[in-house]
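Accompanying notes for the structure given below.
Here is the naming used below: chain letters follow the sequence lines, and residue numbers restart at 1 for every chain. Side-chain atoms are counted along with the backbone in the values below, which use heavy atoms only and exclude waters and symmetry mates. What you see is a predicted model, and the numbers here were worked out from it, not measured in a lab.
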Amino acid sequence: MYKILYKDGNAKRGQLETVHGTIQTPVFMNVGTDGAMKGAVSTKDLQGIKTQVVLCNTYHLHVRPGDNIVKDMGGIRQFMAWDKPVLTDSGGFQVFSLAGLRKIKEEGVYFNSHIDGRKIFMGPEESMQIQSNIASTIAMAFDECPPHPATREYMQNSTDRTYRWLLRCQKEMERLRKLDNTINKSQLLFGINQGGTFEDIRIEHAKKITSLELDGYALGGLAVGESHEEMYNIIEKTVPYLPADKPVYLMGVGTPANILEAVERGVDFFDCVYPARNGRHGHAYTNYGRLNLLNKRYELDERPLDETCGCPVCRIYSRAYIRHLLKAKEMLGLRLMVTHNLYFYNTLMEEIREAIEKGCYKEYKNKKLADLKEDLK
RNA sequence: GUGGGUAUGGCGCAGUUGGCUAGCGCGCCAGAUUGUGGCUCUGGAGGCCGAGGGUUCGAGUCCCUCUAUCCACC
């Protein structure tokens with residue numbers, strides 16, 4: 001059940017009630033692909049940094065340890081000791097992003113595992129079955145994430161097929177929810193809108209999937225190489241054609257600025273590898289811009305990553321120490337960076353929710369964007 | 001002490017029968033990264049080639065002396 005509590009322009013402050021707890025939106029889901037946040041951040045650590053939802057990956061968990069094992073262990077939440085909501089990505093994007101050899105056919109996708117190269121087939125039914133075994137709170141439809149740029153013809157064909165796949169996903173999900181040994185019989189299903197940067201294909205597809213009464217709707221295939229302006233334009237043009245009473249999820253996005261802009265255009269859910277990946281690579285997000293801790297100027301810097309931050313890392317450790325850990329490739333360095341960055345993102349979302357409640361989102365956004373542009377020297 | 005080897009950017013090395021602005025790996029300094037292979041990519045700085053002398057149109061490459069260092073023998 002999704003409820004909008006406040007509206008400020010197109011920005012929404014809502015909450016999604018699930019069997020695993022209520023999600024306050026807008027929300028940033030923390031990415032934990034293999035059932036773990038990269039950077040050795042545990043689910044216990046997440047409890048101290050305002051994380052609401054963990055995103056796990058269908059494809060990865062299927063390949064290793066195997067979704068049957070996750071199911072036998074009581075589902076992913078039980079398995080990773082995380083009692084709050086989990087969203088599983090369907091595997092559609094991974095086929096696009098990391099499977100080398102792949103063949104997309106009407107029935108699904110044939111590709112090779114990035115772990116051992118063995119041949120794998122995944123179609124809408126398989127993806128739903130795996131996600132049902134994983135027993136996430138929210139399952140994503142199996143889609144094709146088309147590359148950018150793509151020809152209009154390719155995009156139209158791909159989007160049409162993604163729609164047909166969505167019908168099969170919905171049907172399979174309904175069947176799975178009724179099975180006796182299904183762990184989460186209330187698993188939600190979000191559909192995914194595609195169409196690249198072709199406004200009319202996006203809108204046509206949005207209208208078609210809106211009629212399906214899904215639990216939520218996602219914008220996929222963005223931030224894959226197009227400009228920010230193109231991305232914002234597509235969000236702006238497409239969101240009005242999605243149900244007003246359902247959550248909207250912008251997949252894989254993005255930078256703090258991307259999120260601020262997308263919220264203003266009506267997006268509720270986000271996820272992105274940036275805070276974790278960039279953290280591992282030495283970039284710390286702060287309220288005054290992004291720092292590259294590997295830069296020599298932090299060698300003797302006694303300050304915390306962000307002097308205005310209240311995270312568990314900033315309360316204790318200096319930039320100089322964290323820089324040393326990163327240079328020495330100590331796991332602790334990655335852990336501290338990722339923990340801080342996730343806290344930053346989660347806190348940003350908290351601020352966004354408060355600003356919408358107060359009805360001053362636009363002012364908040366503009367100030368925040370101005371602050372974030374400045375790099376800390 | 002004798003014989004032999006080696007001396008090239010922070011470290012480890014390539015440099016053909018002497019021939020254009022001396023390369024490579026790592027490191028260092030920066031920049032990319034958007035539904036995650038702790039990956040990868042892209043730039044940049046840094047060397048009067050151990051010292052001195054000689055041969056030559058031309059020497060990191062050849063010759064002599066010295067210095068440092070390694071190995072074997074005594």
Taking any strand in view, what nucleotide pairs with rG43(B) in a Watson-Crick or G-U wobble way, both distances under 3.5 Å?
rC29(B)

Contact class for Ile192(A) (heavy atom, under 4.0 Å): base, sugar-phosphate, or nothing?
base

Does a side-chain N-to-carboxylate-O contact under 4.0 Å join Asp268(A) and Lys12(A)?
yes

Interatomic distance, Tyr274(A) OH vs rG35(B) P [rounded to whole Å]:
8 Å

So is the aromatic ring of His283(A) stacked onto the base of rU33(B), judging by whether the centres are under 5.5 Å apart and the planes are under 30° apart?
no

Does any donor atom in the side chain of Tyr249(A) or Asp271(A) lie under 3.5 Å from an acceptor atom in the other side chain?
yes

Applying a 4.0 Å non-hydrogen cut-off, can you work out what Gln194(A) is touching in the nucleic acid: base, sugar-phosphate, or nothing?
base

Taking Arg265(A) first and then Glu261(A), would you say they form a salt bridge - that is, a charged N and a carboxylate O separated by under 4.0 Å?
yes

Is it true that Asp301(A) and Arg323(A) have a side-chain N and a carboxylate O under 4.0 angstrom from each other?
no

Position toward the 5' end of RNA chain B (nearest nucleotide), Lys296(A) or Val338(A):
Lys296(A)

By the 4.0 Å heavy-atom rule, please label Gly91(A) as base, sugar-phosphate, or nothing.
nothing

Remember a base hit wins even if backbone is also touched, and classify Gly92(A) as base, sugar-phosphate or nothing at under 4.0 Å, heavy atoms.
nothing

If pairing requires Watson-Crick or G-U wobble contacts with both distances under 3.5 Å, which nucleotide is the partner of rU6(B)?
rA68(B)

Using a cut-off of 4.0 Å on non-hydrogen atoms, how would the nucleic acid contact of Asn278(A) be classed: base, sugar-phosphate, or nothing?
base

